[in-house]
Number of protein chains: 2
Amino acid sequence: MVSIEDVAQRAGVSTATVSRALSGNGPVSAAAREKVADAATALGYVVSSSASSLASGRTKNVGLIVPYLARWFFISAVEGAQQALMRHGYDVTLYNLSGGGGERDSVFDVFLQRQRIDGIIAISLELSPVEVASLHALGKPVVGVGGPIEGVRTLTVDDVAISRLATEHLLALGHERIAHVGGSETYDLDFHIPTNRRVGYELALREAGIEPRPEYFTSADFTIEGGYHAAKQLLGNPRSRPTAIFAAADEMAIGCILAARDLGLVVPRDVSIIGIDGHELSEFFGLTTIAQYPRAQGEHAVDILMNELRPGKHAEVPGNIPLGYDLIVRSSTSRPTG
Amino acid sequence: MVSIEDVAQRAGVSTATVSRALSGNGPVSAAAREKVADAATALGYVVSSSASSLASGRTKNVGLIVPYLARWFFISAVEGAQQALMRHGYDVTLYNLSGGGGERDSVFDVFLQRQRIDGIIAISLELSPVEVASLHALGKPVVGVGGPIEGVRTLTVDDVAISRLATEHLLALGHERIAHVGGSETYDLDFHIPTNRRVGYELALREAGIEPRPEYFTSADFTIEGGYHAAKQLLGNPRSRPTAIFAAADEMAIGCILAARDLGLVVPRDVSIIGIDGHELSEFFGLTTIAQYPRAQGEHAVDILMNELRPGKHAEVPGNIPLGYDLIVRSSTSRPTG
DNA sequence: ATGAAAGCGCTAACAA
DNA sequence: TTGTTAGCGCTTTCAT
């Protein structure tokens with residue numbers, strides 16, 4: 001292993017100068033800086049993270065906490081955050097809360113406690129008060145994506161506004177019998193999305209003078225299958241088939257499209273379908289959706305975190321930062337026929 | 001921050017004893033062990049990873065290298081590995097090679113060099129000789145999943161055998177005009193899968209006395225869209241439409257199913273479709289497939305790595321370990337009609 | 001079985 | 001601008 005001493009010797013300076021030259025902290029003459037750089041590359045020297053961490057208290061590593069991994073939204077956010085962090089020279093340690101059992105607890109009680117990270121990005125997490133407390137007790141900056149987490153700066157989309165917009169799109173097209181496929185409550189591992197989205201939906205309806213009908217609400221898993229089964233129920237109703245479905249996520253909406261097809265219905269002629277997410281498959285299915293940008297959200301979270309990690313930072317007041325979204329109209333929605 | 005000294009004081013022993021008691025290395029009396037455990041929990045003490053790493057040379061952290069993140073196979077493998085590692089008390093640092101640019105190089109030149117990991121799990125990686133050399137130079141154990149990587153223990157599925165089995169399934173049903181949707185060569189970021197799968201396909205055909213027809217081979221991206229477009233081409237052919245399609249991955253196969261439907265063809269009556277993977281959506285689409293178990297593969301890789309990390313380990317000879325797979329027959333394949 | 005003490009490789013005062 | 005040096009918190013000989 002090549003150590004800082006080897007570099008110092010080869011460059012003809014002290015280890016302190018090597019440290020300063022390589023880290024950029026502290027004054028170093030141009031000449032020394034160059035000698036050090038040369039020696040370091042010649043020897044293939046890379047700072048030992050544990051030694052550096054121990055001495056400086058900084059780890060150059062951040063923790064990414066996610067409730068699930070295997071869903072498009074989360075991986076996209078993780079990927080965005082990871083690549084941004086890498087550009088800043090940071091490693092990423094991944095904590096996945098799914099899997100049940102004591103694993104979730106040990107993340108908070110053990111893994112996050114070992115001084116391995118400088119900060120945390122929590123993606124779409126719904127945390128218990130104990131967990132929030134344990135996070136704060138770490139004394140490290142935390143940035144939430146999709147939160148909100150109490151006392152934590154969080155990037156949030158306004159879920160009520162989004163689902164209101166989705167519903168208004170259908171209303172504006174002339175639909176009146178609009179159903180909603182929302183999340184099941186057990187899915188609230190990630191915050192209150194299901195509830196908020198339902199609220200926006202009902203708000204828009206009432207504003208248009210339409211009273212939400214209970215038989216037009218179905219809850220389902222946030223998956224293609226979940227949406228499929230829900231839509232089968234909704235669309236199979238012989239009494240009052242809805243003319244449009246607003247699904248709380250694109251994966252569900254895709255399931256709705258497939259269900260409609262299986263019933264011999266043509267989208268959008270017989271039923272309009274809109275989702276939320278901007279899922280990678282939404283374009284393929286011609287799905288009208290409200291795009292969110294999880295990848296960009298991950299990157300944005302990194303920006304904020306890096307700012308809080310900067311030495312001379314001004315601790316910003318925690319508060320929510322609204323995120324952008326866009327209605328993307330494709331071929332799954334149209335005016336109702338007949 | 002509560003340090004080992006605090007625990008030692010409270011337990012009335014030396015820091016050395018605390019270290020031994022907590023790590024399980026070295027002899028400690030039952031009495032002392034208990035006192036230490038009590039003190040540690042009372043104080044909420046957790047070993048500082050950097051201090052421990054620096055002193056011992058062990059980090060309790062492993063690196064996971066993946067070529068992409070956003071595909072089912074990879075996330076599943078990552079998830080399996082991550083959860084298994086957590087059970088062993090290991091953190092996971094994620095290195096994603098996608099994203100192009102200098103990022104890939106810096107993973108090998110910088111990130112992996114900082115002594116932050118005890119070992120590496122490389123998932124489905126096709127590495128350049130330089131990269132392999134740099135991996136070996138780390139002197140840390142490496143386990144590959146899906147490799148093979150030279151000089152590295154690797155879990156591999158026999159891709160030739162798998163695609164042969166898939167093709168034989170179709171042959172046994174009586175199909176003769178069997179097309180293959182394989183991977184594009186540019187997709188070879190992850191090893192030689194496309195090639196191997198094609199080889200197995202052609203082997204099975206020839207064995208059955210059928211000469212593979214070039215117009216029955218199409219390459220595509222490993223996505224639903226890729227499979228969709230490929231199948232449109234294949235099935236739109238007015239001269240000699242294949243009666244069956246073997247897709248190199250389930251995502252492609254699902255695309256094929258959707259393409260067939262859009263053409264008004266009924267699966268499997270008009271065309272049989274088989275994939276490979278055991279993708280989470282395969283059941284929903286009734287897709288006959290050859291299941292691999294990426295999650296289990298990730299876990300298995302961890303077992304091997306943990307074994308190599310054990311102090312008294314016998315360095316095993318590098319070699320490939322074959323993985324299991326299963327033909328799962330569903331409703332997308334049947335005898336050809338007419 | 002236990003404790004004293006010497007580092008692990010680096011950073012950050014402090015002095016020069 | 002540079003070097004000297006005292007730790008950072010823990011592990012691990014080596015005595016006892």
Protein-nucleotide distance ([X], atom [atom1]; [N], atom [atom2]), rounded to Å:
| X | N | atom1 | atom2 | value |
| --- | --- | --- | --- | --- |
| R116(A) | dC8(D) | CZ | C1' | 17 Å |
| E5(A) | dT4(D) | CD | C1' | 12 Å |
| K60(A) | dC10(C) | NZ | P | 16 Å |
| I4(A) | dG3(D) | CD1 | P | 12 Å |
| K35(A) | dT1(D) | NZ | P | 14 Å |
| L54(B) | dC8(D) | CG | C1' | 9 Å |
| R20(B) | dG3(C) | CZ | P | 8 Å |
| L22(A) | dA12(C) | CG | C1' | 16 Å |

> 5'-most contact on DNA chain C: R58(A) or R33(B), nearest heavy atom basis?
Replying inline: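 Residue closer to the 5' terminus by nearest nucleotide: R33(B).
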
> Taking for each residue the nucleotide of DNA chain C bearing the nearest heavy atom, is the 5' side occupied by G12(B) or by S56(B)?
Replying inline: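 The answer here is G12(B).
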
> Between T154(A) (side chain) and T156(A) (backbone), is there a donor-acceptor pair under 3.5 Å?
Replying inline: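 Checking the backbone N and O of T156(A) against the side chain of T154(A), no donor-acceptor pair under 3.5 Å is found.
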
Picking from [options], which would you name as closest to the side chain of [X]?
| X | options | answer |
| --- | --- | --- |
| A16(B) | dT11(C), dT12(D), dG7(C) | dT12(D) |
| A51(B) | dG9(D), dT11(C), dG9(C) | dG9(D) |
| A55(B) | dT1(D), dC10(C), dC8(C) | dC8(C) |

Sub-4.5 Å side-chain heavy-atom contact between [X] and [Y]:
| X | Y | value |
| --- | --- | --- |
| T59(A) | Q115(A) | no |
| R114(A) | D91(B) | yes |
| R310(A) | M306(A) | no |

Could you tell me whether the phosphate oxygens of [N], OP1 or OP2, come under 4.0 Å of any side-chain nitrogen or oxygen in [X]?
| X | N | value |
| --- | --- | --- |
| S52(B) | dC10(D) | no |
| T17(B) | dT2(C) | no |
| S53(B) | dC8(C) | no |
| S14(B) | dG3(C) | yes |

> How is V18(A) classified with respect to the nucleic acid when contacts are heavy atoms under 4.0 Å: base, sugar-phosphate, or nothing?
Replying inline: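 The residue V18(A) makes no contact with any strand.
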
>> Minimum heavy-atom separation for V2(B) and Y45(B), please, with both atom names.
In response: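 Heavy atoms only, the tightest pair is O-CD1, 3.3 Å.
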
